[in-house]
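Written below as structure tokens is the structure these notes are about.
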Amino acid sequence: MKMPEASFFEWQGQFNTEIDCLNHIKKMRWPNGFMCPRCGCEHAYELTTRQLYECSQCHKQTSVTADTLFHGSRIPLTKWFWAIYFLGSDKGSISALRLSKLIEVNWRTARLVLSKLRTAMGHRDSLYRLSGVIEIDDALVGGKRKGKRGRGAAGKTPVLVAVESKGKKAGFIAMQVVNRVCHDNVEQFVAKHLTIQQEVHTDGLPALNIID
Ligand SMILES: [Zn+2]
């Protein structure tokens, strides 16, 4: 996974305000336009001030963040998006303490954010399906011992990471904890997070070569 330094500024530009983040969530949740979760109707009124959609048929109101991990959170979306960025650029290994300093929240909040993001990233459809060119890599997280760095380090949990690579833009990430990095796990990960015929770059790990 390669995240160039410049991507920090790209990210800052892309997710600078709450509206930027909300628009992004909208695009990711409803890539083909809004669809009512109750009746499937595609026509809705957008109540922009409240970030709600109201179905023109059954009048159900759907919040943009409903059923996402951002729902009901008291911290701004911009902080969530920075957490995603830092989690991604650290290959998932960032500590709650460090994140708390970076996004200026208390340690408990940072721990909750990290736990929610890590859980979401391991579940189908809970974050985003990645599109475009994907960089895929494995990373190792957790473990208290200072094992040797690299694959199979002692006491670490392997995590598969996919990053949408758009030139210098960081794009989006998907992560999943696996018991080991093997063909089956990589295959499942790819099926879960990537769309068909996506161009995939790997760092040459044999288990990742199935997707070349
Ligand atoms: Zn409806």
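Note that ligands are numbered from 1 as they come in the structure, with each ligand's atoms numbered from 1 the same way.
- With sequence neighbours excluded, no residue forms a side-chain hydrogen bond (donor to acceptor under 3.5 Å, both in side chains) with S115.
- Side chains of T78 and E18: a donor-acceptor N/O pair is present below 3.5 angstrom, by distance only.
- The distance cut-off of 2.8 Å around the Zn ion (ligand 1) captures these protein N, O or S atoms, sorted by chain and number: C36 SG, C39 SG, C55 SG, C58 SG.
- Linking ILVMFWY side-chain heavy atoms closer than 4.5 Å, directly or via other members, places L52 and I25 in two distinct hydrophobic clusters.
- Using a 4.5 Å heavy-atom threshold, the side chains of F15 and I84 count as separate.
- One distance of note links NZ of K26 with CD1 of I19; it measures 7.0 Å at 0.5 Å rounding.
- Note: F81 and H24 have perpendicular aromatic rings, judged against thresholds of 30 and 60 degrees for the angle between ring planes.
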